[in-house]
Amino acid sequence: MTNLISKVDVIVTSPARNYVLLKITTEDGVVGWGDATVNGRELAVASYLRDHLAPILVGRDADRIEDTWQYLYRGVYWRRGPINMAAIGAIDLALWDIKGKSLNQPVYQLLGGKVRDRVLAYTHATGWETSELLESVDEVLGRGLRAVRAQSGVPGLSTVYGVTRGIKRYEPAKRDLRPLEEEWDSSAYLRHAPKALAEVRAHIGDEVELLHDAHHRLTPIQAARLGKELEPLHLFWLEDLTPTENQEAFDLIREHTTTPLAVGEVHNTIWDCKDLIINQRIDYVRTCVMHAGGISHVRKIFDLADLYQVKGAPHGPSDVSPLTMAASVQLGMASPAFGMQEYMGYPEQVGTVFSPGYRLVDGYLTASDAPGLGVEIDEDAAREQPYDQAYLPVARTLDGAITNW
Ligand code: KDG
Ligand code: MG
């Protein structure tokens, strides 16, 4: 019995922000959807899918998900990389969607069934002034969330990751023809962030989980200092302290602090995470279910993590679509190592294209029980809202040199 792929379509849509959608149709007329959004580089992955992968997918058996994964991963020869792995991830999600729809089961059933009833989620609170941040935290908690990521402005700087002055909702990519240039000063950040986070902890009490993202900006010794200073606040995690091209840096950080560490949103294979996991350099691995090659690959990362009591906590900003979010929740229901799901939320207009099926209730996400990933896509609405150029910012230190954004 075969279920051959007959058609592969790529749609780049922009309902308030850009998404790359993949639609795979089988000869039996079953449709599976994938997401291949790489924020700020959408057209590269769309072209890769359309020009190189679609032609070789047509005629393949949609049921052979792992075989297709191996075919694409090994077959490219130029392995890994964000564009390649997001494209493979999108195909993988679409094939799991098709398998679920063909067998009339939600994907979590095909992954072995539920190991939990619901998946703990956190969302973002953001405010330039600490008073604004506290208001934002209150708004998040008012929606029933039990875990919150807090990001504040830094005195003396005009821009900071995760915060927009005077605007409640933060979006990392800006619609423009060139990246916005932001400024950064680690000394000013290190003076201010512990004070702002201490005020948040005092405001919310001990029971709400508190998280913070340093967004790859510190040196290892600065990171160690921040982790140590924040220890009394009992953070759930401190994220992306230093860029992980140098993974040994985490040994130095670990020597100095017991604050739990989260890393991995820019990683795209198990090979990028392996040493961090097996050397217990981190506590949470944040690979995104689409950017790291789909459900088929990320479940292997989380199974490896499970051996070392490292938890999976997938990336879930607004720049991964509700389709990826749905896939992540499906995996979370069935993966023993799953610890937490980032759920940044979406601009309202995103709802014109995606009806995601999952639900956020009392701070937990629950997967849809509908067949496949459980997401409805309004294809006409997607095509009516075409791509709109947008870039992630770059950052410069106060002397004008480019630094990590
Ligand atoms: O596109 C970049 C964003 O996905 C990233 O800046 C968000 O760090 C992020 C997070 O933890 O959500
Ligand atoms: Mg992050």
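Every number for a ligand or one of its atoms is a count from 1 in the order of the listing.
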>> Taking 4.0 Å as the limit for heavy-atom contacts, which would you say applies to V320 with ligand 1: side chain only, backbone only, both, or neither?
In response: neither

> How far is atom 9 (C) of ligand 1 from its nearest protein heavy atom, and which residue and atom name does that atom have?
Replying inline: Y161 OH, 3.0 Å

> P317 heavy atoms, cut-off 4.0 Å: which ligand 1 atoms fall inside?
Replying inline: 4 (O), 12 (O)

> Quick one: ring-ring contact (aromatic ring centres under 6.0 Å, His included) partners of H192, sequence neighbours excluded?
Replying inline: none

> Which protein heavy atom lies closest to atom 1 (O) of ligand 1, and at what distance to 0.1 Å?
Replying inline: N39 ND2, 2.9 Å

> Which atoms of ligand 1 have any heavy atom of R286 under 4.0 Å away?
Replying inline: 11 (O)

> In terms of residue, atom name and distance, what is the protein heavy atom nearest to atom 3 (C) of ligand 1?
Replying inline: D319 OD1, 3.4 Å

> Looking at residues at least two apart in the chain, or sitting in another chain, which of them share a side chain to side chain donor-acceptor pair (under 3.5 Å) with E171?
Replying inline: R17, R169, S318

>> Let me confirm one number: the CG-NE2 distance from L226 to H212, rounded to the nearest 0.5 Å.
In response: 6.5 Å

>> Rounded at 0.5 Å granularity, tell me how far CD1 in I282 sits from CG in L261.
In response: 8.5 Å

>> Using a 4.0 Å heavy-atom cut-off, which part of M344 comes near ligand 1: side chain, backbone, both, or neither?
In response: neither

>> Tell me if the CD atom of E376 is crowded by more than 12 foreign heavy atoms within 6.0 Å.
In response: no

> For atom CZ of R41, is the number of surrounding heavy atoms from other residues, nucleotides or ligands below 6.0 Å larger than 12?
Replying inline: no

> How would you list, by chain and number, every residue that makes a side chain to side chain donor-acceptor pair (under 3.5 Å) with R225, sequence neighbours excluded?
Replying inline: E229

>> Heavy atoms only, cut-off 4.0 Å: how does Y122 contact ligand 1, side chain, backbone, both, or neither?
In response: neither

>> Give me the nearest non-hydrogen protein atom to atom 8 (O) of ligand 1 as residue plus atom name, then the distance to 0.1 Å.
In response: E265 OE2, 2.7 Å

> Would E182 and R396 pass as an ion pair if we require N to O under 4.0 Å?
Replying inline: no

>> How far is atom 12 (O) of ligand 1 from the closest protein heavy atom, and which atom is that?
In response: E342 OE2, 2.5 Å

>> Please tell me whether W184 and Y161 form a close aromatic pair, meaning their ring centres lie under 6.0 Å apart.
In response: no

> Which atoms of ligand 1 have any heavy atom of W405 under 4.0 Å away?
Replying inline: 6 (O)

>> Centre-to-centre under 6.0 Å for Y122 and F236, is that the case here?
In response: no

>> Under a 3.5 Å cutoff, is there a donor and acceptor pairing between the side chains of Y108 and D369?
In response: yes

> Hey, which protein N/O/S atoms does the Mg ion (ligand 2) have under 2.8 Å?
Replying inline: D213 OD2, E239 OE2, E265 OE1

> Has K300 got its NZ or CZ under 6.0 Å from the middle of the six-membered ring of W69, at an angle within 45 degrees of the ring axis?
Replying inline: yes

> In terms of atom number and element, which parts of ligand 1 are under 4.0 angstrom from non-hydrogen atoms of D213?
Replying inline: 8 (O), 9 (C), 10 (C), 11 (O)

> Using the benzene-type ring in the case of Trp, are the ring centres of F354 and Y19 under 6.0 Å apart?
Replying inline: yes

> Atoms of ligand 1 less than 4.0 Å from R149 heavy atoms?
Replying inline: 10 (C), 11 (O), 12 (O)

> Any idea which protein heavy atom is nearest atom 6 (O) of ligand 1, and the distance to it?
Replying inline: H215 NE2, 2.7 Å

